[in-house]
Amino acid sequence: MTPAPTHAPQPTDVPAQAVRARCALITGITGQDGSYLLELLIGKGYSIHGILRRSSSFNTGRIDHLYVDPHLRLAQAAGQMTLHYADLTDAGSLAKLVRQIEPDEVYNLAAQSHVRVSFDMPVYTAESVAMGALKLLEAVRDYEVITGRDSDPAARVRYYQASSSEQYGKVRETPQCETTPFYPRSPYAVAKVMAHHATVNYREAYGIHASCGILFNHESPRRGETFVTRKITRAVGRIKLGLQPRVYLGNLEAKRDWGFAGDYVRAMWLMLQQSAPDDYVVATGRTLAVREFCELAFAHVGLDYRDFVAEDARYRRPSEVDLLRGDAAKARRMLGWEPTTTVEQLAAMMVEHDLELARREKTLRDAGHATERQRGPE
Ligand code: NAP
Ligand code: GDD
C-alpha cells in the first residue's frame, strides 16, 4: 500500500458550496474499537482520518470492507476515510497530521493493548500507551495555539483518551466508578494511568476539551485472537469442527465485566458531544469468571467446556487483576448511554462468527491447504 490508501474526495469532486463535514482523527483505526468507531462516524457523515502503522503485511483486515478505491467514481460518495502512515511513538508524524487534517475530534485508541504482552515489552508499551498519548496531546495543544482555536470555545478540538478498567488493578471497592482509586498491576496499566492523568492535566492546565472513557472489557467478533474471549470462541469453533482437540488457558477464576465493542464506541462519541469534557466509566455492571465465559461459549454448540479446556501456567500474568465490575451510572445519567448486548448474546455472536471461520478453514484443509498458524504465549 504505497502511498497510504486515500479515501478522501478529490478536490474536483467536492461541490464548491459544500459545508465542511465534521472531521475526526482516529489513532488505532485498524483495531477492534477503531473499526466500530469508523462505522459509527461514517454513518454520521464525518470525514475520517486514521493512522496506519507501517507493517510488512496487510493490517487493515478490520476496515477493508469500508475501503473504496479512490480511482473509482464511487469514491465521491464514499470518500470519507483517509489513512495516513504514522505511529504513536513518532511525535513529528502526529503533529504534522493534526496540522494537516485540522480535526474537530481526536480519538486516541492506539495502544499496545495486550496486558500479558506488556510484561514482555514494558518499555515499548509505555512508549506507545503513555508517551504516545502525551505526544498526541502536545500536537493538539500546539495546533490549537497556532491556529487560535484555543481562544474560541466553539472551535476547541475534542479529544478522547482510551482509558481502561485495567487501571483499577488490585481493587478494594466493587463496583468501580470514576472516583475509585487506581492500583495498576501491569506495565500496560501503569502506562494507561499516566495517559489518563496526562489527559486530565491537559484539560485542567490548557482547557483542552479532553475526556477519558474508562472502558471495561469489550469484545466482538473482531476482537484480537489472543484476548481470552476470542481465544475461547475461536477454539469452540475449531473444536466443534474437529480442527483442534482442546484449548489451553491461564487463570480461569479472573472475573471481568464484558460488553460489546459496538455499544462502547457509541459512548466514546457521546462523550465528545458534551459541552464540557469529563471522565466516564463504561461497563455493563455484570461480571463473569473466565470459567463461566467458557461454559457459555461451549454450551452454545452443545459441548461441556470441562472436556476441552486445559490449564497452562504460561498464560498467567506475573500480577493479575482478579475482579472488575463497573458502575456506569454516570454515563447512563449524563450521556444517556446504555449497553444493548448481554454477555450471553455476545458469546453467541462470537461463537457463530468463529464457527463460520472454522467451516472455511476446514474446507481449505480438506482441499489440502495448511491453515493453522503458530501463536505467541498470550
Ligand atoms: P486493539 O484491537 O489491540 O487495537 C489497537 C490499535 O492500536 C491497532 O489499530 C494497532 O495497530 C494500533 N497501534 C498499536 N501500536 C501502535 C503504535 N505504536 N502506533 C500507532 N498505532 C498503534 O485494541 P482495542 O481493543 O481496539 O482497544 C482500543 C483502545 O482501547 C486501546 O487503547 C486499548 O488499550 C483501550 N481499551 C480497550 C479495552 C477493550 O476491552 N478492548 C478496554 C479498555 C481500554 P495494528 O492494527 O497495526 O496492530
Ligand atoms: N489473554 C488471555 N489468554 N487471558 C487469559 C487466558 C489466556 O489464555 N487465560 C486466562 N486469562 C485471563 C487473564 O489472566 C485475565 O484475567 C482475563 O483472562 C482477561 O484477559 P484478556 O482477555 O487478555 O483481557 P485483559 O482484561 O487482560 O485486558 C483487556 O481488557 C482491558 C480492560 O480491562 C485488554 O483489552 C486491555 O487492552 C483493556 O484495557
S.K.: Test your reading of the model: is there a side-chain donor-acceptor pair from Q176 to the backbone of E173, 3.5 Å cut-off?
M.R.: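 Yes; at least one donor-acceptor contact below 3.5 Å.
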S.K.: Looking at every non-hydrogen atom in both residues, tell me the closest pair between I101 and C23 and how far apart they are.
M.R.: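 Answer, listing the atom of I101 first, then C23: CG2-SG, 3.4 Å.
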S.K.: When you measure from the side chain of S211 to the backbone of Y160, do you find a donor-acceptor pair of N or O atoms at a distance under 3.5 Å?
M.R.: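 No; judged by distance alone, with no hydrogens or angles, the pair does not exist.
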S.K.: Is there a side-chain contact between H114 and F227 in this structure, where contact means two heavy atoms from C-beta onward sitting under 4.5 Å apart?
M.R.: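 Heavy-atom side-chain distance check passes, below 4.5 Å.
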S.K.: Are the side chain of H209 and the backbone of Q274 linked by a donor-acceptor contact shorter than 3.5 Å?
M.R.: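 Yes.
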S.K.: I want to check something: taking the side chain as every heavy atom from C-beta on, are E344 and R286 in contact at a cut-off of under 4.5 Å?
M.R.: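 Sidechains of R286 and E344: in contact.
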S.K.: Going by salt bridge (Lys or Arg N to Asp or Glu O under 4.0 Å), D354 matches just one of R230, R222, R359. Which one?
M.R.: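 Testing D354 for a salt bridge (Lys or Arg N to Asp or Glu O under 4.0 Å) against R230, R222, R359 leaves exactly one candidate, R230.
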S.K.: Quick one: does T287's side chain have a donor or acceptor within less than 3.5 Å of a partner on R256's backbone?
M.R.: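 Answer holds: yes.
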S.K.: Determine whether V247 and F308 make a side-chain contact, defined as any pair of heavy atoms from C-beta on separated by less than 4.5 Å.
M.R.: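 SC-SC contact between V247 and F308 ruled out.
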S.K.: Measuring from L288:CG to T229:OG1, what's the distance to the nearest 0.5 Å?
M.R.: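 These two atoms lie 11.5 Å from each other.
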S.K.: Side-chain contact, heavy-atom cut-off 4.5 Å: R158 with M271?
M.R.: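 No, side chains not in contact.
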S.K.: Mind checking whether Q100 and H84 have side chains closer than 4.5 Å, heavy atoms only?
M.R.: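 Heavy-atom side-chain distance check passes, below 4.5 Å.
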S.K.: Are more than 12 heavy atoms from other residues, nucleotides or ligands located less than 6.0 Å from atom NZ of K362?
M.R.: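 Incorrect, the count does not exceed 12.
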S.K.: Starting from L323, can I reach V282 by hopping between I/L/V/M/F/W/Y residues whose side chains sit under 4.5 Å apart?
M.R.: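 Hydrophobic grouping puts V282 apart from L323.
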S.K.: Grab the two heavy atoms, one from L134 and one from A198, that are nearest each other, plus how far apart they are.
M.R.: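 Shortest heavy-atom separation between L134 and A198 comes out as CD1-CB, 4.1 Å.
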S.K.: Would you say Q167 and S165 are linked by a side-chain donor-acceptor pair, where the criterion is simply a distance under 3.5 Å?
M.R.: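 The criterion, which ignores hydrogens and geometry beyond distance, is not satisfied for Q167 and S165.
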S.K.: Is there a chain of hydrophobic side chains (I, L, V, M, F, W, Y, each step under 4.5 Å between heavy atoms) that links L303 to M350?
M.R.: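 Yes, L303 connects to M350 through the hydrophobic network.
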S.K.: Are R360 and E356 within salt-bridge range, i.e. N to O under 4.0 Å?
M.R.: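 A salt bridge is present here (some side-chain N lies under 4.0 Å from a carboxylate O).
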S.K.: Is a side-chain donor or acceptor of D263 paired with a backbone partner of T340 at a separation under 3.5 angstrom?
M.R.: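 Present.
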S.K.: Rounded to the nearest 0.5 Å, how far apart are CD1 of I29 and CD1 of I63?
M.R.: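 Here the rounded value is 5.0 Å.
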S.K.: What verdict does the side chain to side chain contact (heavy atoms under 4.5 Å, CB included) test give for V115 and E166, after you've listed the backbone C-alpha separation in whole Å, the side-chain angles of each residue and the deciding distance to 0.1 Å?
M.R.: CA-CA 9 Å; V115 173; E166 183 74 11; 3.5 Å; yes
S.K.: Taking the six-membered ring where the residue is Trp, are the ring centres of Y36 and W269 under 6.0 Å apart?
M.R.: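 Ring centres of W269 and Y36 not closer than 6.0 Å.
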S.K.: Test side chain to side chain contact (heavy atoms under 4.5 Å, CB included) on V117 and T226 and set out the steps.
M.R.: CA-CA 10 Å; V117 171; T226 59; over 6 Å; no
S.K.: I'd like to know whether E178 forms a side-chain hydrogen bond (donor to acceptor under 3.5 Å, both in side chains) with T180, so could you lay out the CA-CA distance, the side-chain angles of the two residues, the decisive distance to 0.1 Å, and finally the verdict.
M.R.: CA-CA 6 Å; E178 292 78 7; T180 303; over 6 Å; no
S.K.: With heavy-atom distances below 4.5 Å as the criterion, would you say the side chains of E127 and Q112 are in contact?
M.R.: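 Not in contact.
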S.K.: Give a yes or no on whether the backbone of G326 and the side-chain of D257 come within a donor-acceptor separation of less than 3.5 Å.
M.R.: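 Yes, the answer is positive, given that a donor and an acceptor are paired below the 3.5 Å cut-off.
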S.K.: Are T199 and R203 packed together at the side-chain level, in the sense that at least one heavy-atom pair is separated by less than 4.5 angstrom?
M.R.: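 Counting from C-beta outward, T199 and R203 never come under 4.5 Å.
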S.K.: With the side chain counted from C-beta on, respond yes when K231 and L249 share a heavy-atom pair under 4.5 Å apart, and no when they do not.
M.R.: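 When only atoms from C-beta onward are counted, L249 and K231 do touch, with a gap below 4.5 Å.
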S.K.: Indicate the ring-plane relationship of F293 and W258, choosing parallel, tilted or perpendicular according to the 30° and 60° boundaries.
M.R.: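 If you compare the ring of F293 with that of W258, the planes turn out tilted.
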S.K.: Any chance the side chains of Y206 and E144 put a donor and an acceptor closer than 3.5 Å?
M.R.: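 Per modelled atom types, Y206 and E144 side chains form no pair under 3.5 Å.
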S.K.: For the atom pair CD (Q80) and CD1 (I48), what is the distance rounded to the nearest 0.5 Å?
M.R.: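 With rounding to 0.5 Å, CD (Q80) is 5.5 Å from CD1 (I48).
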S.K.: Less than 4.0 angstrom from a charged side-chain N to a carboxylate O is my criterion; do D152 and R149 meet it?
M.R.: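 The answer is no: the pair does not qualify as a salt bridge.
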S.K.: Is it true that E361 and K240 make a salt bridge, defined as a side-chain N closer than 4.0 Å to a carboxylate O?
M.R.: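 No, no charged N to carboxylate O under 4.0 Å.
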S.K.: Taking L137 as the starting point, is it possible to reach L94 by hopping between hydrophobic residues whose side chains are less than 4.5 Å apart?
M.R.: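 Yes; L137 is reachable from L94 via cluster members.
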S.K.: K135 side chain to S93 main-chain N or O, any donor-acceptor pair under 3.5 Å?
M.R.: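 Flag not set: sc K135 to bb S93 has no pair under 3.5 Å.
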S.K.: Going from CD1 on I232 to CZ on R223, what distance comes out if it is rounded to the nearest 0.5 angstrom?
M.R.: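 Interatomic distance, I232 CD1 to R223 CZ, rounded to 0.5 Å: 11.5 Å.
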S.K.: Can you tell me how far the NE2 atom of H218 sits from the OG1 atom of T284, to the nearest 0.5 Å?
M.R.: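 If I round to the nearest 0.5 Å, the distance is 12.5 Å.
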S.K.: Is Y107 reachable from V98 through a run of I, L, V, M, F, W or Y residues, each pair having side-chain heavy atoms under 4.5 Å apart?
M.R.: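 V98 and Y107: separate clusters.
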S.K.: State plainly whether the residues R316 and E311 are in salt-bridge range, i.e. N to O under 4.0 Å.
M.R.: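 Here R316 pairs with E311 in a salt bridge, since their nearest N and O are under 4.0 Å apart.
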S.K.: Run the side chain to side chain contact (heavy atoms under 4.5 Å, CB included) test on Q273 and E105 for me, step by step, so that the C-alpha distance in whole Å, both residues' side-chain angles and the decisive distance to 0.1 Å come before the verdict.
M.R.: CA-CA 10 Å; Q273 310 318 305; E105 298 175 10; 3.2 Å; yes
S.K.: Any donor and acceptor pair, going by atom type alone, linking the side chain of E219 with main-chain N or O of F260 inside 3.5 Å?
M.R.: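 Pair absent, no side-chain N/O of E219 close to backbone of F260.
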S.K.: Please report the shortest heavy-atom distance between S113 and Y188, naming the atom on each side.
M.R.: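 Residues S113 and Y188, closest heavy atoms: CA-CE1, 3.7 Å.
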S.K.: Are M121 and M194 connected in a single hydrophobic cluster, I mean Ile/Leu/Val/Met/Phe/Trp/Tyr linked by side-chain heavy atoms less than 4.5 Å apart?
M.R.: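 No: no chain of side-chain contacts under 4.5 Å links M194 to M121.
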S.K.: Do any N or O atoms from the side chain of R53 and from the backbone of D87 form a donor-acceptor pair under 3.5 angstrom?
M.R.: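 Looks like no, no N/O pair under 3.5 Å.
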S.K.: Please report the interatomic distance SG(C177) to CG(D279), rounded to the nearest 0.5 Å.
M.R.: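 One gets 12.0 Å once the value is rounded to the nearest 0.5 Å.
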S.K.: Thinking salt bridges, do E320 and R185 make one under a 4.0 Å N-O criterion?
M.R.: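 The answer is no: the pair does not qualify as a salt bridge.
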S.K.: Would Y183 and Y168 count as a close aromatic pair, with their ring centres under 6.0 Å?
M.R.: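 No, they do not, as the ring centres are separated by 6.0 Å or more.
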